[in-house]
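Beneath this line is the structure, given in C-alpha cells, with notes to follow.
Below, read A as the first sequence line, B as the second, and so on, with proteins coming before strands; counting in each chain starts at 1.
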Amino acid sequence: MPELPEVEVVRRGLADHVVGRTIEHAEFRGARVARRHLPGPADLSDRLAGNLIAEARRRGKYLWLVLRTPDGSEQGLITHLGMSGQLLVEDPSAPEEKHLHARFCFADAGPELRFVDQRTFGGMALSDLTECGVPETIAHIAPDPLEPGFDQAAVVRRMKTRDTAVKRALLDQTLVSGIGNIYADEALWRAQVHGERLCSALTRPALSRLLDHARDVMLEALGQGGTSFDALYVNVNGASGYFDRSLNAYGQEGRPCQRCGTPIRRESFMNRSSYSCPRCQPRPRRPRT
DNA sequence: CTTTTCTCCTGTATGC
DNA sequence: TGCATACAGGAGAAAA
C-alpha cells in the first residue's frame, strides 16, 4: 500500500526515466482512471500530447508530473496510486497488463510509461499549479514531514486542539500528509502510544516525538525501497521494497514485541486493522468507540 | 465548522 | 468443489 516512502521511490524512478522526455501520445482506458479529471479521459489525452515532462514532484502520497507545453505554460499531471496503482517504465512491446489503465508513448520512441491499477482507487488528473508550485486541486493536502516547509510545531499545535484519537490525526492528510496505516502503526509503536488515545490527552512534546518517529520510520523505509507485502507495490522497474522485514507492529499479530516480548495484538479501528503492543501501548482508560 | 461513516474496487484467503 | 464472506485501505462525499 503506497504511502510516502513508496510514492517517493516511484517519484525518483520517474525523475530518472521520464523527466526530460516529450509525450507523443497518451491513452486512457475506462472512465475511472480519469474520474478526477472532470472533462474526461479523451480531454486528458488530447491535452497531454506534445508536452515535455519537466519535473516529477510529490507531496505526501500525491505525485505530479510538471508538464510544459511548447509555448512554455505549465500544468501538473496529478497521479495518486490509491491502494494498488503502479507506474511502470517498460518497453513498448511488453505485453499489456490485465489492469492497464493508461499508457504514455514518447517522441524518442524509448520505453513507455504505464499506469496499472488492480483496485482502481488511483487515478490521474490535470491541474493548474499554484504560485508555490503545488497543483490547485490538492492545495488542501498538508505538507509532509520530509519537505522543507514542514512546520512541525504548527502541526503539534493543531493536533493538540483536535477532539479525536491520535491515530485518526496521523492519518488526516490535511493535518500532516504521507502517513498511512502502516507507518501510523509503526510511529505509534516507536512512541509507545496507543492510537486511540485522544490528541488532547497527549502533551505537546509527546505529539512532537510521535511526528519525529513518523518521519524517522518513513525515512528508514525509503532507504529500503519501501514496504511491499505482495506484488501490488513495486517501483517503476517492477521491483519490491524490503522494509516489511523491519516492521515492528503492522501485520505482526501474535509475534513478540521487539521491545518487551509481549505478543502484538490486532484491533479494529476506523474499520481497519491496527497493530500494537498491549504492554508498551496500553489502551486509554476511557476508550472511544 | 468539526468529526465520523460510507463508498469506491478486485484479488486472495478463509469458512461452511 | 463451490459459493459466500471477510479483508486489504486512501480519500472524498455525505451524514451527523
Which whole-number value in Å describes the distance from A/Arg36 CZ to C/dG12 C1'?
-> 6 Å

Whole-Å gap separating P (C/dA6) and CD (A/Glu253) = 17 Å

Short side-chain N/O contact from A/Arg272 to OP1 or OP2 of C/dC7, under 4.0 Å = no

Regarding the side chain of A/Tyr275, the nearest nucleotide among C/dG10, B/dC9, C/dA8 is C/dA8

Does A/Thr164 make a side-chain N or O approach to OP1 or OP2 of B/dT4 shorter than 4.0 Å?
-> yes

Looking across every strand, which nucleic acid part, if any, lies under 4.0 Å from A/Arg35 by heavy atom: base, sugar-phosphate, or nothing?
-> nothing

Flag, side chain of A/Gln252 to backbone of A/Tyr275, donor-acceptor distance under 3.5 Å | no

Figure out the NE2/C1' separation between A/His101 and B/dC8, and round it to whole Å.
-> 13 Å

Any donor-acceptor N or O pair under 3.5 Å, side chains A/Thr227, A/Asp244 = no

Position toward the 5' end of DNA chain B (nearest nucleotide), A/Thr161 or A/Asn271 = A/Thr161

Under 4.5 Å between side-chain heavy atoms, hopping through other hydrophobics if needed: is there a path connecting A/Met159 to A/Leu202?
-> yes

Contact under 4.0 Å: A/His140 side-chain N or O vs C/dG12 OP1/OP2 | yes

Does A/Asp91 CG have over 12 foreign heavy atoms under 6.0 Å away?
-> yes

Inter-end axis angle, the helix from B/dT2-C/dA16 to B/dC16-C/dG2, with every axis fitted to five base pairs (rounded, 10 degrees) = 60°

Taking CG from A/Leu171 and C1' from B/dT2, how many angstroms apart are they, rounded to a whole number?
-> 17 Å

Under 3.5 Å, is there a donor-acceptor pair between the side chain of A/Arg197 and the main chain of A/Pro284?
-> no

Please check the phosphate of B/dT4 (OP1 and OP2 only) for any side-chain N or O of A/Arg168 closer than 4.0 Å.
-> yes

For A/Phe121 and C/dG10, is the gap between ring centres under 5.5 Å while the planes differ by less than 30°?
-> yes

Answer with base, sugar-phosphate or nothing: what part of the nucleic acid does A/Ser273 contact at a heavy-atom distance below 4.0 Å?
-> sugar-phosphate

OP1 or OP2 of C/dG10 under 4.0 Å from side-chain N/O of A/Tyr183 = no

Take the protein atom CG of A/Leu38 and the nucleotide atom P of C/dA13, then report the distance between them rounded to whole Å.
-> 10 Å

Position toward the 5' end of DNA chain B (nearest nucleotide), A/Met270 or A/Arg32 | A/Met270

Can any side-chain N or O of A/Arg259 pair as donor or acceptor with the backbone N or O of A/Trp189 at less than 3.5 Å?
-> yes

Are A/His80 and C/dA11 close enough that a side-chain N or O sits under 4.0 Å from OP1 or OP2?
-> yes

Same cluster or not: are A/Ile182 and A/Leu175 linked, directly or through other Ile, Leu, Val, Met, Phe, Trp or Tyr residues, by side-chain heavy atoms under 4.5 angstrom apart?
-> yes

Out of B/dT3, B/dT4, C/dA11, minimum distance to the side chain of A/Asp163 belongs to B/dT3

Does A/His99 make a side-chain N or O approach to OP1 or OP2 of B/dC9 shorter than 4.0 Å?
-> no

Taking the six-membered ring for Trp, are A/Phe28 and A/Phe104 parallel (under 30°), tilted (30 to 60°) or perpendicular (over 60°)?
-> perpendicular

Confirm from the modelled atom types if A/Arg119 and C/dG10 form a donor-acceptor pair under 3.5 Å, side chain to base only.
-> no

In whole angstrom, what separates A/Glu3's CD from C/dA11's C1'?
-> 13 Å

Report yes if at least one side-chain N or O of A/Lys98 is closer than 4.0 Å to OP1 or OP2 of B/dT10; otherwise report no.
-> no

Counting heavy atoms from C-beta on, name the nucleotide in C/dG10, C/dA8, B/dG11 closest to the side chain of A/Gln118.
-> B/dG11

Rounded off to whole Å, could you give me the CG-to-P distance for the A/Leu81 and B/dC9 pair?
-> 19 Å

Parallel, tilted or perpendicular, as decided by the 30° and 60° cut-offs, for the rings of A/Phe243 and A/Tyr183 = tilted

Using atom CZ of A/Phe269 as one end and atom C1' of C/dG10 as the other, report the distance to the nearest whole Å.
-> 15 Å

Side chain of A/Gln173 only, please: which of B/dT3, C/dG10, C/dA11 is the nearest?
-> C/dA11

